[in-house]
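These notes are about the structure you will find just below.
Each ligand, and each atom within it, is numbered from 1 in the order the structure gives. Starting from 1, each residue takes its place in the sequence as its number.
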Amino acid sequence: MSFAEKIRLYFITDGRSHGHERVAEMALKAGVKTIQLREKRLPAREIYGIAKRLRRLTYDYEALFIVNDRFDIAISVEADGIHVGQEDLPAKAIRSLIDEKFPGMILGVSARDLSEALEAEKYADYLGVGPVFPTSTKEDAREVIGIDGLKKVCSAVKVPVVAIGGINHSNVSEVLKAGCTGVAVISAIAFSENPEKSAEELLNLIENSNKPH
Ligand code: 3NM
């Protein structure tokens with residue numbers, strides 16, 4: 001399966017529902033091929049433990065494992081990739097480290113508008129772009145960029161774009177039509193009563209949308 005196919009549905013676990021491992025395993029069982037660990041509350045030692053277990057799980061399911069923000073933890077558990085936001089370690093610095101010491105590691109960078117996206121794509125293997133719609137999952141999310149904002153970024157950058165923010169079953173097809181490679185979700189899976197079923201339904205909707213490009 002290609003990288004583009006793997007990031008078509010990108011699940012982020014932030015630990016606020018069902019527990020990281022349980023919800024990640026439900027998503028993996030449904031067929032999700034990219035899991036990101038985004039843990040902002042716990043001490044490093046605990047995040048490391050969770051990351052190690054998620055690394056094992058994602059190996060078993062042949063899925064990508066990406067760690068948010070914590071490059072130290074990503075390296076320690078041999079994650080496939082690291083994802084950084086605009087307030088985290090600079091993408092440029094991480095790119096140099098990856099090229100020098102961790103070749104092949106994936107670098108994802110969040111971008112909230114066209115100028116951030118154009119800067120980030122110099123270093124990133126993919127961009128996380130949003131919030132496309134209002135989200136209550138990220139307290140410090142900026143104003144929404146909407147489908148039009150997403151389209152602008154997707155047509156301007158060369159690296160794959162993963163759209164994020166308020167994406168769910170009712171809008172996923174519209175989001176993919178904007179030209180992005182994949183969609184990232186937290187609540188559409190994690191806050192569902194049945195995360196596995198929810199992930200399966202999202203994958204079906206995605207399967208019926210346009211193919212990745
Ligand atoms: N980053 P949900 S929005 C983690 O815009 C995150 O960069 C965003 O959660 C960004 O799928 C977001 O529940 C939260 O809306 C996504």
Under a 4.0 Å N-O cut-off, is there an ion pair linking D60 with R55? no
[X]: numbered ligand 1 atoms lying under 4.0 Å from its heavy atoms:
X: G166; result: 2 (P), 15 (O)
X: S187; result: 2 (P), 11 (O), 13 (O)
X: G130; result: 5 (O)
X: P131; result: 5 (O)
X: V185; result: 11 (O)

Using a distance-only test with no angle check, is there a side-chain donor-acceptor pair under 3.5 angstrom linking D113 and S115? yes
Going by distance alone, is a donor N or O of one side chain under 3.5 Å from an acceptor N or O of the other, for E5 and S2?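 Note: E5 and S2 side chains meet the donor-acceptor criterion.
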Taking the side chain from T135 and the backbone from P131, do they hold a donor-acceptor pair closer than 3.5 Å?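 No, because the side chain of T135 does not come within donor-acceptor range (under 3.5 Å) of the backbone of P131.
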Heavy atom of the protein closest to [atom] (residue, atom name, distance):
atom: atom 1 (N) of ligand 1; result: K138 CD, 3.2 Å
atom: atom 11 (O) of ligand 1; result: I186 N, 2.9 Å
atom: atom 10 (C) of ligand 1; result: I164 CG2, 3.7 Å

Assess whether atom CD of Q86 is packed by more than 12 heavy atoms of other residues, nucleotides or ligands within 6.0 Å.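 Yes, the 6.0 Å shell around CD holds more than 12 heavy atoms from other groups.
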State if R112 counts as touching ligand 1 under the rule of any non-hydrogen atom under 4.0 Å.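 No, that is not the case, since the closest heavy atom of the residue is not under 4.0 Å from the ligand.
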Answer side chain, backbone, both or neither: which part of R142 comes under 4.0 Å from ligand 1, heavy atoms only. neither
Close side-chain approach of E119 and K122, heavy atoms under 4.5 Å: yes
Evaluating non-hydrogen atoms only, which member of V183, T135, V132, I12 is closest to atom 15 (O) of ligand 1? T135
So which of A188, G165, A190 gets nearest to atom 3 (S) of ligand 1, if we judge by its closest heavy atom? G165
L37 CG to F65 CZ distance, which is reported to the nearest 0.5 Å: 5.0 Å
Here's a test for you: under side chain to side chain contact (heavy atoms under 4.5 Å, CB included), which of I73, V77, D72 qualifies with I47?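 When side chain to side chain contact (heavy atoms under 4.5 Å, CB included) is applied between I47 and each of I73, V77, D72, only I73 qualifies.
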Assess the pair F191 and H18: is the distance between their ring centroids shorter than 6.0 Å?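 Ring-ring flag for F191/H18: false, centres at least 6.0 Å apart.
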Under 3.5 Å between any N/O of T137 and any N/O of ligand 1: does that happen in this structure?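 N/O-N/O distance below 3.5 Å exists for this pair.
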